[in-house]
Amino acid sequence: MNEISSENGEEPPSGSLLNSLKEFKSAGRGLWSDVPDKDWNDWRWQLKHRITTLEQLQRLMPTLTPEEFAGTKLANTKLAMAITPYFFNLIDPADENCPIRRQVIPRVEETHTASWEMSDPCGEDSHSPVPGLVHRYPDRVLFLVTDRCAAYCRYCTRSRLVSNATGYDFHPEFDKQIAYIRDHPEIRDVLLSGGDPLLFSDEKLEHLLSQLRAIKHVEFLRIGTRIPIFLPQRITPELCAMLKQFHPLFISIHSNHPRELTTEVREALGRLADTGIPLGNQSVLLKHVNDDVTVMKALVQKLLMCRVKPYYIYQCDLISGSAHLRASVRKGLEIMEGLRGYTTGYAVPQYVIDAPGGGGKVPVNPEYVLSHSPDRVVIRNFEGKVFEYVEAAKSAPRYKPSEDFVAPELV
Ligand code: SF4
């Protein structure tokens, strides 16, 4: 059952819904109860037993809808399907609108594309001086290391290349990528992403990180990964011990719904935090997944309990075939209004739109500055109350009120 509605179909009070969404539960064993612990807790076993075909999915989930059936049949021509047994257990097979299900089970709507949708909505390919390296911002680069992930998100911005279903044939050449970074002293920050870098063996990842750490002007390393959510078994003590050598190293995880934060995930994130790695979370705003203030509030509060700072909420990129998953910007702003002031400042992420075509991340905020003249700024707080702040002397206004603006009554 979708937890947004109660058993008798009425909306539960938002306080009790919030508390139930914030409970930490194990994903359990589900249909794999006879698998020995040693296998279940082994990340390589999880990868080997991923659900990747329509036949497997139908057998495990006879409640597949016609849209899912048709979508899964076509998935291997667009973005492959893969779901770890661990993550599969979070799906509610009785709920067609299960927020976990919508993220990983293909639907036929993925084949419906509009003229404004793109295969490379962030213009990454046009900002790649060498294959697999995106240099869009002045002092940092995105280093794509692989086209494989533990599971595939149906709205993935990089679905043109991840899983190689469209024949993109991604072959990063680490030597060329590293040589470019070495030759550009302005690059002080390298973000490893993909695909998912934590799918590499410890040895392979260590070799790559060592080469980057050996470059004097690289001050700061980051890894973008959804592995702690799809495959928390991968966060082993050995991996953590290896990563510890490369500080300052930050990790950005990707979680969209509070139900993804299980006891297994909390433990995995705890191991990373104990290693001294600062953790941030990136969420994508998705229709019928997390486009709801209470769901998003539960997610950000639960993230803090997992020692993760909610970092970004992304407006879903205009990736081809994603209309059924895209929520409106209006909804995103409504969610930001519902977080700011109503919960801990640390829990409030930045809402951004990655400007289509390669303009980079643009922060999008509800309007809190109502007017700005040379001598005063009129602002409103989260409750809508209006205040005046006297400007510093001789300040030039950043915002001009429109001519018909009438100053609101002050508190
Ligand atoms: S884990 Fe990241 S790169 Fe992989 S499919 Fe999901 S969004 Fe795309």
Side-chain angles (χ1 to χ4, degrees), residues 27 43-44 46-47 50-52 79-91 99-106 122 142-165 170 191-200 205 222-236 239-240 243 249-262 264-273 277-286 289-290 299-300 302-303 306-314 316-317 319 322 325 349 354:
W43 65 279
R44 293 185 195 274
Q46 289 281 340
L47 281 180
R50 288 183 301 175
I51 297 116
T52 55
L79 169 67
M81 176 183 69
I83 311 170
T84 55
Y86 159 82
F87 197 73
F88 183 85
N89 281 347
L90 297 180
I91 294 176
I100 307 295
R101 182 170 176 162
R102 283 179 68 78
Q103 294 182 62
V104 288
I105 296 194
C122 299
L142 172 64
F143 191 134
L144 302 178
V145 299
T146 174
D147 60 1
R148 300 297 137 133
C149 300
Y152 295 111
C153 313
R154 304 321 303 173
Y155 50 85
C156 177
T157 285
R158 268 178 224 127
S159 51
R160 71 188 184 284
L161 72 90
V162 299
S163 87
N164 200 30
F170 179 67
L191 167 59
L192 299 187
S193 184
D196 206 312
L198 295 190
L199 273 190
F200 281 2
L205 193 54
R222 287 188 280 167
I223 295 175
T225 175
R226 211 178 173 192
I227 288 269
I229 303 298
F230 284 147
L231 187 63
Q233 298 80 3
R234 172 68 185 104
I235 311 301
T236 60
L239 173 72
C240 294
L243 294 174
L249 170 70
F250 282 42
I251 288 186
S252 286
I253 66 159
H254 171 176
S255 165
N256 294 324
H257 191 277
R259 233 165 66 195
E260 294 167 21
L261 300 177
T262 59
E264 291 91 331
V265 168
R266 183 175 57 184
E267 282 165 25
L269 293 170
R271 286 192 285 279
L272 288 171
I277 299 175
L279 301 170
N281 180 67
Q282 320 200 63
S283 296
V284 180
L285 181 66
L286 296 169
V289 172
N290 57 13
L299 175 66
V300 296
K302 220 171 164 185
L303 282 163
C306 293
R307 305 160 72 181
V308 181
K309 160 86 182 87
Y311 181 34
Y312 282 129
I313 295 178
Y314 285 96
C316 185
D317 292 323
I319 186 80
S322 64
L325 283 169
D354 226 319

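Atom CG of Leu325 is separated from atom CZ of Arg102 by 5.5 Å, given to the nearest 0.5 angstrom. Here the CZ atom belonging to Arg50 is positioned 5.5 Å from the OH atom belonging to Tyr152, to the nearest 0.5 angstrom. Taken to the nearest 0.5 Å, the SG atom of Cys316 stands 8.0 Å off from the CG atom of Leu285. Rounded to the nearest 0.5 angstrom, Ile223 CD1 and Leu192 CG are separated by 5.5 Å. Residue Thr262 holds its OG1 atom at 10.5 Å from CG of Asn89, rounded to the nearest 0.5 Å. In this structure, the separation between CG on Leu243 and CG on Leu205 is 6.0 Å, given to the nearest 0.5 Å.
Proximity of a side-chain donor or acceptor of Asn281 to a complementary backbone N or O of Ser255 within less than 3.5 Å is detected.
Listed by chain and number, the residues in a side-chain contact (heavy atoms from CB on, under 4.5 Å) with Phe170 are Leu144, Asp147, Leu161, Tyr168, Pro172 (sequence neighbours excluded). Applying the side-chain hydrogen bond (donor to acceptor under 3.5 Å, both in side chains) criterion to Asn290, with sequence neighbours excluded, gives no partner residue. For Arg160, the salt bridge (Lys or Arg N to Asp or Glu O under 4.0 Å) criterion is met by Asp120, Glu124, Asp125, not counting sequence neighbours.
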| request: I would like to know whether Ser193 and Arg158 meet side chain to side chain donor-acceptor pair (under 3.5 Å); could you show each step before the answer? | output: CA-CA 11 Å; Ser193 184; Arg158 268 178 224 127; 3.3 Å; yes
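With a 4.5 Å cut-off on side-chain heavy atoms, Thr157 and Tyr314 do not count as touching. In this structure the side chain of Cys149 never reaches within 4.5 angstrom of the side chain of Phe230, judged on heavy atoms. When side chains are defined from C-beta on, Leu231 does not count as touching Tyr86, because their heavy atoms never get closer than 4.5 Å. At a threshold of 4.5 Å between non-hydrogen side-chain atoms, the residues Tyr312 and Asp354 do not count as touching.
Remark: Glu260 engages Arg226 in a salt bridge, criterion side-chain N to carboxylate O under 4.0 Å.
Exactly one of Ile227, Leu269, Val265 qualifies for a side-chain contact (heavy atoms from CB on, under 4.5 Å) with Ile253. That residue is Leu269.
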